[in-house]
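First the proteins, then the strands, lettered A, B, ... as listed; each starts at 1.
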2 protein chains.
Amino acid sequence: MNSILARINENLHTLSEAEKKMGIYVLENPKLIPNMTTKDLSRKAGTSESSVVRFCKSIGIESFKTFKLELAKELAKEDFNLTDFNFLQKKSEPYDIFQQVSFVNKSAIEAITTSLERKEFEKAVDKILHADKLVFYGVGGSATAALDGFYKFTKLGYPSTAHQDFHFLLSSIPYLNKNDVVIAISMSGKTKDVLELSRFAQKEGATVIAITNLDKSPLYKEADIRLCTPVVEQDYRIGSIPSRMTQLTIIDALYLSVLNKKGENVLSRYHEARNEVIRLRR
Amino acid sequence: MNSILARINENLHTLSEAEKKMGIYVLENPKLIPNMTTKDLSRKAGTSESSVVRFCKSIGIESFKTFKLELAKELAKEDFNLTDFNFLQKKSEPYDIFQQVSFVNKSAIEAITTSLERKEFEKAVDKILHADKLVFYGVGGSATAALDGFYKFTKLGYPSTAHQDFHFLLSSIPYLNKNDVVIAISMSGKTKDVLELSRFAQKEGATVIAITNLDKSPLYKEADIRLCTPVVEQDYRIGSIPSRMTQLTIIDALYLSVLNKKGENVLSRYHEARNEVIRLRR
DNA sequence: ATAAACTATGAAATTTTATTTCACTATAGT
DNA sequence: ACTATAGTGAAATAAAATTTCATAGTTTAT
């Protein structure tokens, strides 16, 4: 089965009135969509252009253009359906599991293009570029990404933190100012600690960049800049595995973009540290 | 072969100067086209927006929009080709960098199949399944993977550690026994701390599973079980980024395999913890 | 050699399409 | 009954695609 259409079908009941009309029309005429405009589609589905755009966001795709593109691609494939997640039902052999998890991780990374908005990403890079201090915060499955960000941006010379301890971290927030950035990482966008921390930081004037699922969660709504990860199949066995890959890829992209923009200035220090690492290795 | 690209290739010599530039750019970067605008493409190809539109007509496609759509569909069908990593050379825009890093990460994961040996992987799963305690150790770029492993296997009820502090960690090694496992993570396989630790652990009777590049490094030679990551392009800008993805994917696969083998027994406790997490979220 | 005719090109204008904002409505919670 | 909130489409705005047009460079005819 087809993942975008399947996703629409599954979530049909969670959608609002106008969005449901959209969903039904799309499910009935998937092949027509890629050649339609928002106006066409809104007329056919009996809604408005704004609802078309909102519908795309609701099913986890950042824009109507991307929606059309992805749908076209999927319909083109039509057969290649390895997207079947109940592989863990039966007793699989370890090596099968390895191959499946590779596939899932790969697909998750592929899907980021559908959820990450270009403009938001550019805003994030720009903000970080001019930031004084960075705070990375994520708990549970998102702690890995926070640590990774902390590690990478420290290498670029940013005073950064990524403490796990919420109360410890809280005490550092009042020292943040307008040029400081909190990177709040939470798959669900509902994690209480992450939310509290980002609210507090905003109150103190810092900017909050959220790395979170494209979904109308509190964190999504409240963040200043949103870097969205795709909503992937939620199977409890896989848990946060593919999400963590997408979070990390976004961190990677931020890091490389900032490194690229900083240019030669930072590179010489970077190399200096690197050479020391190699020297100390022996 | 691919009909649109083939058509461009065949007719390249019949095209005018500006159109030829277009054709060459499209042939070199077909995957990027569907997400580009006329402006993007005209800049990259060194022509004007009008030439982009004219180019589409010249190769027999009525509009740029249709061109993008058709190209996307075709590429979706036969997705398997290029594996070239040297695109981070020039000054790129943030969003380009994002796309490139996604691609690199994806490719790296794909490549694990070529480096990870099935038998070694099965041995590793089996060993961990019967282990009493686990120690994850990795420094620098590999610290993320160590932390992630620590986090995951703790969820499965294993007494695990993943400390950063070498000397602190050393003091716990003499308490390891035959059933304990050290997962030593190092890209190069030459990192001094990781090597020392794994030698010490082996002397005390523990088993060392190495997650390291497929290469005749000291760690590769000395480990009891080798889970090899593919050797990917070593560009200092990308650094350890793709390697870290492969390390994490291996950890994921180990985790899921162990979870799967443990079966129902562990699942009930797992769910218990999970429900608490969800409850505490609100 | 020179003018006329033609061609290719990019800048700018126009049209179309997508996205955002905003005011209004319905509905739920107090 | 009164807020607060979510959902909606009309209208405004932004972005993207397409067309027009002036110009520069070629070719052709005389």
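Across all strands, A:T38 comes closer than 4.0 Å to base atoms (heavy-atom distances). B:K57 comes within 4.0 angstrom of sugar-phosphate atoms only, judged by non-hydrogen atoms across all strands, and of no base. The residue B:S42 sits apart from the nucleic acid: no heavy atom pair falls under 4.0 Å. Residue-level contact check: B:K39 touches neither bases nor backbone, having no heavy atom under 4.0 Å from any strand. Residue contacts shown for A:K68 are limited to sugar-phosphate atoms, with no base heavy atom under 4.0 Å away.
With hydrogens and angles ignored, the 3.5 Å screen pairs no side-chain donor or acceptor of B:S102 with any backbone N or O of A:I109. A donor-acceptor pair under 3.5 Å is formed between the side chain of A:D180 and the backbone N or O of A:K133.
Separating the CZ atom of A:R118 from the C1' atom of C:dT19 is a distance of 16 Å, rounded to the nearest angstrom. In this structure, A:N35 places its CG atom 11 Å from P of C:dA18, rounding to the nearest Å. In this structure, the CG atom of B:L41 is 12 Å from the P atom of D:dT18, given to the nearest Å. With rounding to whole Å, A:K221 atom NZ is found 17 Å from D:dA4 atom P. Between B:E19 atom CD and C:dG10 atom P the separation is 10 Å, expressed in whole Å. Distance, B:D40 CG to D:dA15 C1': 11 Å, rounded to whole Å. Between the CD atom of A:E117 and the P atom of D:dA15 there is a distance of 12 Å, given to the nearest Å. With rounding to whole Å, A:E17 atom CD is found 18 Å from C:dT25 atom P.
B:S48 and B:S51 share a side-chain donor-acceptor pair at under 3.5 Å.
The side chain of A:S50 has C:dT20 as its nearest neighbour among C:dT17, C:dT20, D:dA17. In this structure, the nucleotide among D:dA17, D:dA6, C:dG10 sitting nearest to the side chain of B:T37 is D:dA17. For B:S51, the listed nucleotide lying nearest its side chain is C:dG10; candidates were C:dT9, C:dG10, D:dT18. Each of C:dT9, D:dA17, C:dT21 was ranked by its minimum atom distance to the side chain of B:R54; first place goes to C:dT9. When distances are taken from the side chain of A:S63 to each of D:dT19, C:dT19, C:dT9, the shortest belongs to C:dT19. Taking only side-chain atoms of B:E49, from C-beta outward, the nucleotide of D:dA16, D:dT18, D:dG9 with the closest atom is D:dT18.
Each of A:K21 and B:K65 has a nearest nucleotide on DNA chain D; the 5'-most of these lies closest to A:K21.
Bending across the helix from C:dA1-D:dT30 to C:dT30-D:dA1, expressed as the angle between its end axes from five pairs apiece, amounts to 10° (10° rounding).
Classification of the B:F98-A:F121 ring pair by plane angle, with boundaries at 30° and 60°, yields tilted.
Closest approach of B:L41 to B:Y25, counting heavy atoms only: CD1-CD2, 3.4 Å. Scanning all heavy atoms of the two residues, the minimum distance from A:R199 to A:P218 falls at NH2-CB, 4.4 Å. Residues A:S217 and A:G189 share a closest heavy-atom pair of OG-CA, 3.5 Å.
Using a cut-off of 4.0 Å between Lys/Arg side-chain N and Asp/Glu carboxylate O, A:E70 and A:K73 are scored as salt-bridged.
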